[in-house]
Protein chains: 2
Amino acid sequence: MARAGLTAERITRAAADLADEVGFDNVTVSALARHFGVKDASLYSHVKNLRDLRTRVAVLAAGEMVDLIAAAVAGRSGKDALAAFAGAYRSYALRHPGRYAATQSKVDLAQVADLAPFLRTGELTYGMLRAYDLAEPDLTDAVRLLRSTFHGYTSLEAAGGFQHSRDVDASWDQAIEALHVLLTHWPRASKEER
Amino acid sequence: MARAGLTAERITRAAADLADEVGFDNVTVSALARHFGVKDASLYSHVKNLRDLRTRVAVLAAGEMVDLIAAAVAGRSGKDALAAFAGAYRSYALRHPGRYAATQSKVDLAQVADLAPFLRTGELTYGMLRAYDLAEPDLTDAVRLLRSTFHGYTSLEAAGGFQHSRDVDASWDQAIEALHVLLTHWPRASKEER
DNA sequence: TCTGCTAACCTAGTCATCCTAGGAAGGAAG
DNA sequence: CTTCCTTCCTAGGATGACTAGGTTAGCAGA
């Protein structure tokens with residue numbers, strides 16, 4: 001019998017593709033085994049268990065996503081960078097819903113070998129805000145607000161949470177515009193706040 | 001043998017409690033049956049299937065949540081109303097993570113008998129923005145941005161997505177403050193936008 | 001009190017999935 | 001050609017969703 005040529009990487013990639021098709025939660029070891037024309041048990045030589053597989057998909061997706069965002073932001077600053085970051089973020093989340101869901105799943109970071117993809121996203125975000133001249137703790141607050149908005153908007157949109165009365169792309173552009181205005185008029189923490 | 005006194009409502013409530021304990025995705029018919037000291041099959045006389053059960057939990061949670069928000073917002077307007085809305089929203093999401101996850105799960109609204117809880121949230125949000133004097137389409141855009149931020153922040157916080165370097169409550173207060181500023185300086189859509 | 005009916009609940013079974021233990025075969029290194 | 005590791009297998013246990021069809025509790029009416 002011919003070997004299927006299984007690898008942790010190939011399995012992870014197939015799992016990510018499957019997640020984009022049927023949803024991250026519906027990725028099953030059995031379905032992957034069928035995809036490779038192989039028995040379920042065979043996958044366990046390459047992947048510890050389902051949680052391990054999910055973690056691998058999360059790392060893969062986080063890496064892909066941060067690469068795309070980095071490429072989009074490169075050479076831009078201020079409002080341009082903000083729009084590029086947001087556009088790349090939303091584009092990835094909508095194009096790869098399963099992969100994106102993976103990045104948002106509770107991953108035990110202690111289990112992750114390569115933390116770089118997760119850390120780079122933070123660095124990119126902080127870098128993007130450099131143009132707005134914020135100091136801590138405003139900087140962290142602004143980062144959190146941006147992340148929340150990006151994640152919230154895309155996940156609500158992907159879940160069909162918005163009615164169709166108003167174009168979703170236009171709303172998004174407007175949201176970016178609004179966030180830019182917000183960052184330029186950021187209400188700085190007064191001294192009595194810590 | 002004594003009857004357990006099962007009801008769709010009792011099952012739904014138990015499922016919601018279980019969801020808050022172990023997570024919405026980990027709610028299982030078997031576990032609920034065990035909780036009632038009953039066989040799995042018995043639940044299917046009251047609830048069609050797992051999806052039906054999840055939908056019921058979602059409706060229950062949405063109703064509870066909108067009631068709390070409505071109570072918090074009542075009699076307030078402007079920034080006060082915004083802070084009250086946001087506080088009630090976040091408080092519910094953090095106190096009842098399983099229930100909150102249920103409200104965010106993709107619910108086939110065609111299956112839901114009572115749509116009122118879902119519609120009331122929208123009404124409350126639009127009402128809250130009345131003080132900021134926005135016209136369409138800015139109004140819808142602002143609503144979407146607020147919902148995105150609230151949902152994004154609470155779900156990132158619940159998932160442990162924020163580092164511990166900066167107090168999460170303080171960041172939240174600052175975010176509300178920032179959103180208030182944003183709403184008062186909202187960049188209105190110019191005429192060439194539709 | 002007895003009869004009947006309608007649920008509520010059960011037994012028994014199917015199917016899908018995750019996962020483990022241990023065996024056989026491909027194929028590269030010696 | 002032999003050795004040995006890895007890949008993939010068979011076999012099987014456990015849990016969970018769900019169905020078909022039977023039994024019984026407990027109430028309504030005679």
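Note that these values count all heavy atoms, side chains included, but never hydrogens, waters or copies made by symmetry. Chain A is the first sequence line, chain B the second, and so forth, proteins listed ahead of strands; every chain is numbered from 1.
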Find the distance [X]:[atom1] to [N]:[atom2] and express it as a whole number of Å.
{"X": "B:Leu18", "N": "D:dG16", "atom1": "CG", "atom2": "P", "answer": "11 Å"}
{"X": "A:Asp25", "N": "C:dC18", "atom1": "CG", "atom2": "P", "answer": "12 Å"}
{"X": "A:Leu6", "N": "C:dG27", "atom1": "CG", "atom2": "P", "answer": "14 Å"}
{"X": "A:Tyr44", "N": "C:dT20", "atom1": "OH", "atom2": "P", "answer": "7 Å"}
{"X": "B:Leu43", "N": "D:dG16", "atom1": "CG", "atom2": "P", "answer": "13 Å"}
{"X": "A:Asp40", "N": "D:dA14", "atom1": "CG", "atom2": "P", "answer": "18 Å"}
{"X": "B:Arg10", "N": "C:dA8", "atom1": "CZ", "atom2": "C1'", "answer": "13 Å"}

B:Thr28 side-chain N/O to D:dT15 phosphate OP1/OP2 under 4.0 Å: no
N/O (side chain, A:His46) to phosphate O (OP1/OP2, D:dT6) under 4.0 Å: no
Sugar-phosphate, base or nothing in reach of A:Ser45, heavy atoms under 4.0 Å: base
Sugar-phosphate only, base, or nothing, as touched by B:Arg34 at under 4.0 Å among non-hydrogen atoms: sugar-phosphate
So, are [X] and [Y] salt-bridged, with charged N and O less than 4.0 Å apart?
{"X": "B:Glu136", "Y": "A:Arg166", "answer": "no"}
{"X": "A:Asp20", "Y": "A:Arg99", "answer": "yes"}
{"X": "B:Arg90", "Y": "B:Glu157", "answer": "yes"}

End axis versus end axis in the helix from C:dT1-D:dA30 to C:dG30-D:dC1, the angle rounded to 10°, five pairs used at each terminus: 10°
Listed partners of A:Ser77 passing side chain to side chain donor-acceptor pair (under 3.5 Å), at least two apart: none
Test side-chain contact (heavy atoms from CB on, under 4.5 Å) applied to B:Leu145 and A:Gln174, step by step: CA-CA 9 Å; B:Leu145 182 60; A:Gln174 182 66 14; over 6 Å; no
Atom pair OH/CZ of B:Tyr100 and B:Phe24 - distance to nearest 0.5 Å: 13.0 Å
